[in-house]
Structures are given as structure tokens and as C-alpha cells.
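Every heavy atom of this structure was used, including side-chain atoms; hydrogens, water molecules and symmetry mates were not.
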Amino acid sequence: HVQLVESGGGSVQAGGSLRLSCDASRYTYSSYCVGWFRQAPEKGREGVASIYSARSRTYYADSVKGRFTIPQDNATNTVYLQMNSLKPEDTAMYYCAADCVLLPQGSYWDKLHEYNFWGQGTQVTVS
């Protein structure tokens, strides 16, 4: 079982920035993916961004393109979600997920069943 731990959430004013971290240090597959999802109250969980290391490809939801990025630190196996120009509608619980299973790679990046492992989430509140 792979443990994923998110951190970095908090409260911020609109226009501000936050950087979430997903510690995937126990996820040691040579070719891996990590995705970020979010779930607002009374809404379904939606894909925000994902990175597939084998091809160094990244994917973003239209709602966050140009504002969010998904950098990674290969040395520590940590994947980040850099969130800039935050909006109140970005308020949600944010989850990281790993170990993509569906082919072709990347085609299902924003689908929950694409990922085998999930973290517990970190809350982001934008006011």
C-alpha cells in the first residue's frame, strides 16, 4: 500500500498563492503519475492537474490553466501544486492521487478510476 500525504493547504485571499505538496516518497515506481483533484462542498471530485513522468507530460483542467502548475522534485519524490491567482471558486479539499492504471497514458488523467492510491486531502479556502 502506498501512502500519499498532502500538505500546504490553508486560507488565502483572492489573488493570492498557495503551494500544495504531495509526499509520494513511498511510491517508487520508475514510471509514475501523480494527479491533483479537488472537491468542493456538495460537489463531485474533479481533476485539477496531473503529471506523467514517463513522458514528462502535464495536464490541467481548463479552469486552472495559466494559474496552476504541477512541478515535481525527483530527488524527494514530491509533487507540488503551485496555485497562483486564486479565486473563491478554488475553495475545496485538495487530494493527490498516484499510480495511473489506464491506457493510453494521460487519456484519463482527470478520472478517479485512473488512480490506485489517494491521500487524505488538504483544505484550501479562498476568500
Query raised in the report: Could you walk me through whether Tyr80 and Cys22 pass the side chain to side chain contact (heavy atoms under 4.5 Å, CB included) check?
Result: CA-CA 6 Å; Tyr80 303 95; Cys22 177; over 6 Å; no
**Report entry** Value rounded to 0.5 Å, distance of CZ in Arg45 from NZ in Lys111
**Finding:** 15.0 Å
Query raised in the report: Quick one: side chain to side chain contact (heavy atoms under 4.5 Å, CB included) partners of Thr76, sequence neighbours excluded?
Result: Asp73, Thr78
Requested in this report: Please check if the side chain of Thr122 supplies one atom and the backbone of Ser7 the other of a donor-acceptor pair under 3.5 Å.
Outcome: no
**Report entry** Distance, nearest 0.5 Å, that separates NZ of Lys87 from CZ of Arg67
**Finding:** 4.5 Å
Anything under 3.5 Å between a donor and an acceptor, one on a side chain of residues 8-21, the other on a protein residue two or more places apart or in another chain? List them.
unit_1, atom_1, unit_2, atom_2, d
Ser17, OG, Asn84, OD1, 2.9

Report summary line: Residues Ser50 and Gly35: closest non-hydrogen pair is OG-CA, 3.8 Å
Requested in this report: May I have all residue pairs that pass salt bridge (charged side-chain N to carboxylate O under 4.0 Å, His left out) and include part of residues 32-42, sequence neighbours excluded?
Outcome: Arg38-Glu46, Arg38-Asp90
Report summary line: Scanning both residues in full, the closest heavy-atom pair of Tyr95 with Gly119 reads CD2-O, 3.6 Å
Requested in this report: Verify, without hydrogens or angle tests, whether Thr91 (side chain) and Val126 (backbone) share a donor-acceptor contact under 3.5 angstrom.
Outcome: yes
Query - More than 12 heavy atoms of other groups within 6.0 Å of Phe68 CZ - result: yes
Report task. Report yes or no: do Val5 and Tyr94 belong to one cluster of Ile/Leu/Val/Met/Phe/Trp/Tyr joined by side chain heavy-atom distances under 4.5 Å? Result -> no
Report summary line: What one should report as the nearest heavy-atom pair of Cys33 and Tyr52 is CB-CD2, 3.7 Å
Requested in this report: Check Val79 against Trp36 and note the closest heavy-atom contact, atom names and distance.
Outcome: O-CZ2, 3.7 Å
**Report entry** Check against side chain to side chain contact (heavy atoms under 4.5 Å, CB included), Asp23 and Leu4
**Finding:** CA-CA 6 Å; Asp23 178 2; Leu4 303 174; over 6 Å; no
Query raised in the report: If you measure from CG on Leu81 to OG1 on Thr69, what distance do you get to the nearest 0.5 Å?
Result: 7.0 Å
Query raised in the report: Who passes ring-ring contact (aromatic ring centres under 6.0 Å, His included) against Phe37, sequence neighbours left out?
Result: Tyr115, Trp118
Requested in this report: Look only at the side chain of Glu114 and the backbone of Leu102, and say whether a donor-acceptor pair between them is shorter than 3.5 Å.
Outcome: yes
Requested in this report: Using salt bridge (Lys or Arg N to Asp or Glu O under 4.0 Å) as the criterion, list what pairs up with Lys65, not counting sequence neighbours.
Outcome: Asp62
Query - Gln120 CD: over 12 foreign heavy atoms closer than 6.0 Å - result: no
Requested in this report: Mind checking side chain to side chain donor-acceptor pair (under 3.5 Å) for Glu6 and listing every partner two or more places apart, or none if nothing turns up?
Outcome: none
Requested in this report: Just do the side chain to side chain contact (heavy atoms under 4.5 Å, CB included) check on Val34 and Gln72 with the steps written out, would you?
Outcome: CA-CA 10 Å; Val34 174; Gln72 60 178 327; over 6 Å; no
Query raised in the report: Which atom names give the shortest non-hydrogen contact between Ala40 and Ala92, and what distance separates them?
Result: N-CB, 3.8 Å
Query raised in the report: How about Tyr60 and Val48: do any of their side-chain heavy atoms sit closer than 4.5 Å?
Result: no
Requested in this report: Hydrophobic side-chain clustering at under 4.5 Å (ILVMFWY, transitive links): who's grouped with Leu103? Put none if nobody.
Outcome: none
